[in-house]
Amino acid sequence: MEASAPGRARRRWRGARNAGSPLARAAVILFLSAFLVRAPESVGYLVRLPRGFRLSQDSSKIVGSASSPENSTAQITSTGSLIFQNFEESMSGVYTCFLEYKPTVEEIVKNLQLKYVMYAYREPHYFYQFTARYHAAPCNSIYNISFEKKLLQILSKLVLDLSCEISLLKSECHRVKMQRAGLQNELFFTFSVSSLDTEKGPKPCTDRNCEASSRLTKAKNLIERFFNQQVEVLGRRAEPLPEIYYIEGTLQMVWINRCFPGYGINVLQHPKCPECCVICSPGSYNPRDGIHCLQCNSSMMYGAKACI
């Protein structure tokens with residue numbers, strides 16, 4: 001709200017108290033078209049309201065300057081806007097704006113209350129999961145174990161410069177009955193490739209190419225090229241195939257989203273941020289790295305990680 005006509009109003013903000021563990025870098029999703037913060041109840045600011053002003057949720061867009069009193073939690077700007085600082089997940093909840101104003105000097109003071117819901121959110125923990133199969137030595141052979149370690153080393157080195165890491169999630173050896181070749185041994189591998197913090201990588205990176213999704217896309221392309229090259233090399237061999245080799249066409253890569261415990265994705269409840277992992281509301285929880293908050297009527301806190 002901006003000063004533009006006679007009449008004065010006073011706004012105070014009050015936030016609901018909510019339990020939860022601190023989250024140093026949690027961000028904030030704004031709902032009902034306003035950007036609010038919790039500040040001490042004694043903090044307020046007088047602002048002028050336009051003649052004939054009518055306040056509603058839709059008209060309460062927050063603007064303001066950078067100069068303001070502040071503390072470790074919030075700041076109030078010269079126009080009466082409130083801004084979070086170091087937002088923590090325990091600060092999620094219902095916030096109330098108390099407004100006292102006089103449309104004109106002659107009229108009596110009017111009071112208005114507006115309620116807003118604030119949610120902490122975190123970026124999803126996303127990664128690629130991929131599977132591949134290899135013709136193998138007998139399942140009890142030490143050569144399979146040695147090959148598994150070597151393959152993981154090669155793949156890890158492949159994405160190292162992208163500040164990504166590859167983990168082996170599962171490795172299994174099975175005897176598979178083939179229609180023409182009879183029984184043969186096959187290794188079934190499941191890997192994941194995820195992004196690391198750029199400062200942990202071998203090369204500092206600051207531009208847009210450092211975004212996790214961009215680096216993961218490049219890692220995916222390198223991995224696909226690696227397996228395609230194995231097919232090409234085998235196709236050029238004149239001698240018999242080696243005992244362990246990649247089976248063409250078995251590479252499958254899937255993009256996976258995961259939320260941290262206490263957070264979940266809900267497109268219907270949070271349509272303005274459909275891919276965000278938003279803190280679970282009271283009445284729900286997320287105990288593991290799933291993507292949805294589960295119903296729990298006994299949970300009365302934000303960010304619950306257990307149904308108690």
Side-chain angles (χ1 to χ4, degrees), residues 123-259 275 289 291:
E123 292 293 333
H125 171 59
Y126 40 77
F127 58 94
Y128 275 106
Q129 181 171 299
F130 62 98
T131 57
R133 288 161 53 188
Y134 278 78
H135 185 279
C139 287
N140 59 355
S141 172
I142 192 174
Y143 295 111
N144 291 337
I145 299 175
S146 177
F147 175 80
E148 174 186 306
K149 293 179 179 179
K150 185 64 175 178
L151 178 61
L152 181 58
Q153 289 176 356
I154 294 173
L155 290 172
S156 298
K157 187 176 181 180
L158 198 65
V159 300
L160 182 62
D161 287 344
L162 295 173
S163 294
C164 292
E165 69 174 354
I166 290 183
S167 302
L168 177 61
L169 303 181
K170 186 168 60 176
S171 173
E172 297 177 339
C173 183
H174 298 283
R175 285 183 63 81
V176 180
K177 185 176 182 180
M178 307 300 293
Q179 186 173 2
R180 297 182 179 180
L183 291 173
Q184 67 178 31
N185 305 299
E186 290 188 7
L187 287 169
F188 291 71
F189 292 116
T190 302
F191 297 93
S192 69
V193 53
S194 56
S195 63
L196 298 169
D197 294 337
T198 52
E199 58 267 21
K200 295 181 181 179
K203 296 180 180 179
C205 187
T206 57
D207 57 25
R208 291 188 59 185
N209 292 327
C210 297
E211 294 179 359
S213 58
S214 175
R215 290 185 282 117
L216 282 175
T217 299
K218 292 179 180 179
K220 174 180 179 290
N221 294 336
L222 288 174
I223 292 168
E224 290 176 335
R225 188 185 307 169
F226 168 75
F227 283 98
N228 289 334
Q229 287 175 344
Q230 292 185 70
V231 175
E232 295 173 3
V233 170
L234 287 175
R236 294 195 298 264
R237 289 177 63 95
E239 62 270 21
L241 294 174
E243 189 171 26
I244 303 177
Y245 60 88
Y246 168 65
I247 301 175
E248 182 178 0
T250 60
L251 176 67
Q252 300 292 327
M253 302 195 73
V254 180
W255 176 269
I256 294 179
N257 280 345
R258 288 290 183 267
C259 292
E275 297 180 356
D289 59 345
I291 60 173

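Note that the structure is predicted; figures quoted are calculated from it, not measured.
Judged by distance alone, the side chains of Glu243 and Tyr134 never bring a donor and an acceptor atom under 3.5 Å apart.
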* Just do the side-chain contact (heavy atoms from CB on, under 4.5 Å) check on Leu187 and Phe147 with the steps written out, would you? => CA-CA 10 Å; Leu187 287 169; Phe147 175 80; 4.2 Å; yes
* To do: Determine, stepwise, if the pair Tyr128 / Ile256 fulfils side-chain contact (heavy atoms from CB on, under 4.5 Å).
  => CA-CA 6 Å; Tyr128 275 106; Ile256 294 179; over 6 Å; no
* **Ile223/Phe191 under side-chain contact (heavy atoms from CB on, under 4.5 Å): CA gap, chis, key distance, verdict** => CA-CA 11 Å; Ile223 292 168; Phe191 297 93; over 6 Å; no
* Given the rule in the side-chain contact (heavy atoms from CB on, under 4.5 Å) test, do Leu158 and Phe226 qualify, once you have shown the distances and angles that lead to the verdict? -> CA-CA 9 Å; Leu158 198 65; Phe226 168 75; 3.9 Å; yes
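A salt bridge is absent between Glu211 and Arg215; no separation between the charged side-chain nitrogens and carboxylate oxygens falls under 4.0 Å.
The shortest non-hydrogen separation linking Cys139 to Asn185 is SG-OD1, 4.0 Å. Closest approach of Leu162 to Ala219, counting heavy atoms only: CD1-N, 3.5 Å. Minimum heavy-atom separation, Asn144 to Cys173: ND2-SG, 4.1 Å. Nearest heavy-atom pair across Phe127 and Val193 is CB-O, 3.3 Å.
Rounding to the nearest 0.5 Å places CG of Leu183 at 7.0 Å from NZ of Lys177. Once rounded to the nearest 0.5 Å, the distance linking CG of Asn228 with CD of Gln230 reads 9.5 Å. One distance of note links CH2 of Trp255 with OG of Ser213; it measures 6.0 Å at 0.5 Å rounding. If you take CZ on Phe189 and CG on Leu152, they are separated by 9.5 Å, rounding to the nearest 0.5 Å. Between Gln229 atom CD and Leu234 atom CG the span is 12.0 Å, to the nearest 0.5 Å. Glu275 CD to Asn257 CG: the interatomic distance, rounded to the nearest 0.5 Å, is 7.0 Å.
Looking at heavy atoms from C-beta onward, Gln184 lies in side-chain contact with His135 at the 4.5 angstrom threshold. Between Gln153 and Leu151, every side-chain heavy-atom pair lies at or beyond the 4.5 Å cut-off. Residues Lys218 and Lys220 have side chains not in contact (no heavy-atom distance under 4.5 Å, counting atoms from C-beta outward). Residues Thr190 and Phe188 have side chains not in contact (no heavy-atom distance under 4.5 Å, counting atoms from C-beta outward).
Using the six-membered ring where Trp is involved, Phe227 and Phe130 have ring planes that are perpendicular, over 60° apart on the 30 and 60° scheme.
Other residues, nucleotides and ligands contribute over 12 non-hydrogen atoms within 6.0 Å of the CG atom of Leu241. By the 6.0 Å contact criterion, CD on Glu172 is enclosed, its count of non-hydrogen atoms from other residues, nucleotides or ligands being greater than 12. More than 12 heavy-atom neighbours from other residues, nucleotides or ligands sit within 6.0 angstrom of CD on Glu224.
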Could you list the donor-acceptor pairs under 3.5 angstrom formed by side chains in residues 164-171, with sequence neighbours left out?
residue: Ser171; atom: OG; partner: Glu148; partner atom: OE1; Å: 2.7

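In terms of the salt bridge (Lys or Arg N to Asp or Glu O under 4.0 Å) criterion, residue partners of Glu186 (sequence neighbours excluded) are, by chain and number, Arg133. Taking the ring pair (Phe, Tyr, Trp, His ring centres under 6.0 Å) definition, one finds that Tyr143 meets it with nothing, sequence neighbours left out.
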